[in-house]
Each structure stands twice: as C-alpha cells, then as structure tokens.
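Everything on this sheet refers to the single structure shown next.
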Amino acid sequence: MRPKVIGPYRVLETLGSGGIGTVYRALDDRTNEAVALKLLSGGPAMDSRAAKRLVREFEALEDLAHPNVVKVYDTGVYQSSPYLVMELIEGLTLRDYLSLRSDQMVSSSSGSSGSFSGGSFSGSGSFRRPQAPASASREANSEDGGGGLFDLSAFAEEAPSEEMASGGSGGMRFGTSGSAARLPIPVEPWLGSDSDEVDPLEFELPYDVGAPEPVPVKRESAAKLEALNRPERVGRLKDALLQVCEALAYIHAHGLVHRDLKPSNIMVDEDRQVRLMDFGLAKFLADDAGMTLDGRMVGTFRYMPPEQILGEPLDGRADLYSLGVILYELMTGRPPFDAKSPVDLWHKVLETEPPPVLAINQWGDPQLARVAHRLIRKEPDDRLQTAEEVYEALSE
Ligand SMILES: Nc1ncnc2c1ncn2[C@@H]1O[C@H](COP(=O)(O)OP(=O)(O)OP(=O)(O)O)[C@@H](O)[C@H]1O
C-alpha cells in the first residue's frame, strides 16, 4: 500500500516502479516543493543488496550538479527502507519522447526549445508519465529468487519497441503494473510483421562496419522507415543525444560510470532538456568491478557491453557502448542483438556482429548510423573513446 507520509514528504501519487523500488510524486511539507521520492521496496532477501544499491546511488549523486543530470536533494529511511529524494522531472523517457509526432510538439524545430503538446499532457499542463511495463522485470526477478548470481530483471526490464506499438494507433499503455490504462498518445507503429527480407550484401555502406552477417536482414516497411526517419524526429534524436553526451562527459569526469544506461533512464522534460536518471549502478572507478560487492551482476543485459558481461573492469566506454545500442535501437526499431535468454544474448553480444543499421533502415541518417557502429564495437579500444568524441561525431 502506498505510504501517505515519508519523513517530511507527503506522498501524492505513484510514478512507477523499477527493479529496486517505487518512485512517488511527493510534496516537501517544509518548502511546498514537488519532488520525486524513490523508496526502496525489495523483499526480505533483497533488502541489504537493494539498500546498498540505493546508498551507492545517493553517494554517486549527491555532489553532482549538471543541467543534464537529475539532482538528488535528500535521503532517509522509512520503515527500514532507505529512500532518495530527487528533482521531479515532468517529462517522457527518451523512447516515448521520440515517439511523439511532430504535431504533438508545440515547436517542431530540432533546437533545444519547445515543449510537448497534445494528448500527452493533462488539462493542467502537467505531464502524465507513461509507465514502463514493469511486469516483466518483476516476474523475472522472482524467477531469480532474489538470491541468484544474475538479476534476470536486467534481461527483461527494458520494454521492447513492440510494447510501444502494442496499442496500435489507439494509444500507449499507462499506469502502474497491473493497472494499465490508455491515454490518447498515438504511437509510431515502428515494428510489425510486414518486413521485407533483404540481403545485407546488397548494400553499399558509406563506412566500414566489418563483415556483415551472412544471414538475411529484415528490412522494415516503408511506413515504419518513414516514421523513424522523419527529419523532425531525427533532429530531436540528435539534440537529445548531444545532451546525453554532455551528461556522460560530466559524470565520467567525476570518475563515475553509469553502468545502466538505457532509454528509460534518459528523460526529456517539457523544455526538451534531457536528464540522465538512475545512477543506482554507478560506482567510482576506483573500486570498479563487473559485479556488485556481493557478487550479483547488475545492469540491463540488452545494453551491456561485452566487458560488463565478462565481469571485466569498466570505464566510461562501457556507457558509450550502451549509448550505441540505444542509438541503434532508435534508428532501426530493434536492438542490435536480440535473444530469448540471457545466455543466448551474451553469446550474440560476444561473438556476432549486428546487421548494419542501414541494412535495416536504408534511409537512415548515415552519420548517426556511423556513430552507432563506432560505439557498439566489442573492444573498448575500437570505440569512440569519450563522450566528447561522440558529441563531435554527432555534430559533424
Ligand atoms: N526524478 C524523477 N522524476 C520523475 N519521474 C521519475 C523520476 N525518477 C523516476 N521516475 C519514473 O518513475 C518510474 C520508476 O523509476 P525507477 O527508476 O524506479 O525504475 P526504472 O528506471 O524504470 O527501472 P530500474 O530502476 O529497474 O532501472 C519510471 O517510470 C521513471 O520514469
């Protein structure tokens, strides 16, 4: 049941639940300021592990101050569960933001000003946040029993694009898990079954991405490609990525690696300002390792670089790999590697090359495609090396 009061904060509504807790919209009774309060809510077996994660999240965040990094204000303990108070972001996750049509944007420019409009806002102008389908992560978590080596939620928790398209043109799923409702946000039908089979060798790429896989690549339908390649959407994508690069450059300069970069951890507010969220997995490079202290692997498998899968030491280039996966996905509507089990996925990530972005989306922006492929290289040394370099490559 939702608490009414947590410390000096009055809980107003549930914003959503993630792998380690629930986020509430709350009011600071002392200042009357609206905040986001993340309350840790793991089961008994998860308590100490989750508590450590939250404390780490807070420690990593408390001294950070950057316009593209969510601000942490306070922390505390409520009924034996730690909580974290942060800046309330009225906005959308990057994926949902990019699925807005241009007529839902007040300004259709690709610059950094403008705001959302249309069905995505309530009458008061405040924003109703789409809920990541959390059921998969919760189920996967319980399969793991909370005590295994791997957190299976990491495999399932990032909603595949199909989730977005599941409502067809009727709308997008909202609400907490188990109580999904519909709000009238039309969603781009990116994915579906009507794809062409295309031999990747037919394509001449404007850059070297290594030998393409000798398997047919499913090219998306013209309608889906048109939606993905709308110039206004591509402009929004580039603008958001540049801001993510600024945030990453900042946290990397502070010796932090995010470790769990994914579209749901990137939010865009009404002014198109991007915030990097959820530093629960960030750790100082000094005590870096692929596992948490108690030997549990953390992170979201789909966005995990090979070195993280292998439990090797990580640096900022691990986040750049994740950024590459995000970019690949947002350009093609599908992840570079997909599989039904973590083991199959790891095998693919470690051993195989993904289809070239432009083989799936032949009208995709070649510059963005090039950046994506330069980020998802298996060897960290072969990638663009810093967030600044990515910023430059995106600005060319
Ligand atoms: N500061 C914030 N302001 C507004 N909404 C937030 C804030 N932090 C989190 N949320 C929203 O609350 C929901 C749950 O967030 P949470 O970080 O717990 O989970 P997650 O990022 O979806 O998954 P995980 O924590 O497992 O990576 C998400 O929909 C997220 O967008």
Side-chain angles (χ1 to χ4, degrees), residues 2 9 11-28 33-42 46 49-50 53-54 56-58 60-61 64 68-75 81-97 120 126-141 144 146 151-159 163-164 172-177 179-180 247 258-270 273-282 292 296-304 322 326:
R2 193 172 75 207
Y9 303 96
V11 175
L12 302 179
E13 67 167 318
T14 304
L15 292 174
S17 296
I20 61 167
T22 303
V23 178
Y24 302 108
R25 179 192 296 269
L27 204 64
D28 185 338
E33 189 183 357
V35 294
L37 189 152
K38 185 168 183 169
L39 178 66
L40 201 114
S41 58
M46 289 288 292
R49 189 161 33 230
R53 278 202 209 175
L54 193 68
R56 219 169 26 241
E57 183 169 355
F58 174 68
L61 269 175
L64 299 182
N68 300 119
V69 174
V70 73
K71 185 69 197 146
V72 167
Y73 299 135
D74 191 15
T75 190
S81 295
Y83 65 84
L84 183 80
V85 180
M86 56 191 150
E87 176 187 11
L88 179 71
I89 311 298
E90 302 282 4
L92 291 169
T93 66
L94 179 61
R95 192 196 297 280
D96 296 336
Y97 168 68
S120 50
S126 69
F127 185 74
R128 297 292 299 273
R129 189 170 294 93
Q131 179 65 43
S135 52
S137 70
R138 239 58 64 221
E139 281 155 21
N141 233 346
D144 182 45
D151 183 350
L152 284 181
S153 67
F155 183 64
E157 66 199 0
E158 188 54 45
E163 295 282 351
M164 290 180 52
M172 183 182 286
R173 283 187 168 279
F174 283 78
T176 54
S177 55
S179 63
H258 188 293
R259 289 169 176 265
D260 194 22
L261 194 61
K262 54 186 175 180
S264 68
N265 280 339
I266 299 170
M267 287 189 76
V268 187
D269 74 12
E270 299 164 14
Q273 186 176 331
V274 167
R275 297 301 197 304
L276 208 50
M277 317 282 295
D278 213 353
F279 284 69
L281 307 177
T292 51
R296 239 176 113 89
M297 183 180 264
V298 290
T300 305
F301 295 154
R302 189 184 297 178
Y303 303 94
M304 240 182 223
S322 306
I326 292 169

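As the structure lists them, so they are numbered: ligands from 1, and atoms in each ligand from 1. Just so it is clear, the model here is predicted, and its values are computed rather than measured.
Less than 4.0 angstrom separates some heavy atom of L15 from each of these atoms of ligand 1: 4 (C), 5 (N). Under a 4.0 Å criterion applied to the non-hydrogen atoms of A36, ligand 1 contributes the atoms 1 (N), 2 (C), 3 (N). Within the listing of ligand 1, atoms 1 (N), 2 (C), 3 (N) sit less than 4.0 angstrom from a heavy atom of E87. Of all the atoms in ligand 1, the ones that sit under 4.0 Å from a non-hydrogen atom of V23 are 8 (N), 9 (C), 10 (N), 12 (O), 14 (C), 15 (O), 16 (P), 18 (O). Atoms of ligand 1 found under 4.0 Å from any heavy atom of D260, numbered from 1 in the order shown, are 27 (O). Close contacts between ligand 1 and N265 involve ligand atoms 21 (O) [criterion: under 4.0 Å to a heavy atom]. Atoms of ligand 1 lying under 4.0 Å from at least one heavy atom of K38, given by number and element, are 16 (P), 17 (O), 18 (O), 25 (O).
A distance of 11.0 Å separates CG in L94 from CG in N265, rounded to the nearest 0.5 Å.
Between the side chain of K71 and the backbone N or O of L64, at least one donor-acceptor pair lies under 3.5 Å. With hydrogens and angles disregarded, no donor-acceptor distance shorter than 3.5 Å links the side chain of S322 to the backbone of M304. Although no hydrogens or angles enter the test, the distance criterion places no donor-acceptor pair under 3.5 Å between the side chain of D269 and the main chain of I89.
Close N/O approach between I89 and ligand 1 is found [any backbone or side-chain N/O within under 3.5 Å].
Residues passing the side chain to side chain donor-acceptor pair (under 3.5 Å) test with Y9 are R30, D74, sequence neighbours excluded. Contacts of E87 classified as side chain to side chain donor-acceptor pair (under 3.5 Å), with partners at least two apart in sequence or in another chain: R275.
Between Y303 and I326 the shortest side-chain heavy-atom distance falls below 4.5 Å.
Across M267, K262, M277, heavy-atom proximity to atom 27 (O) of ligand 1 is greatest for K262.
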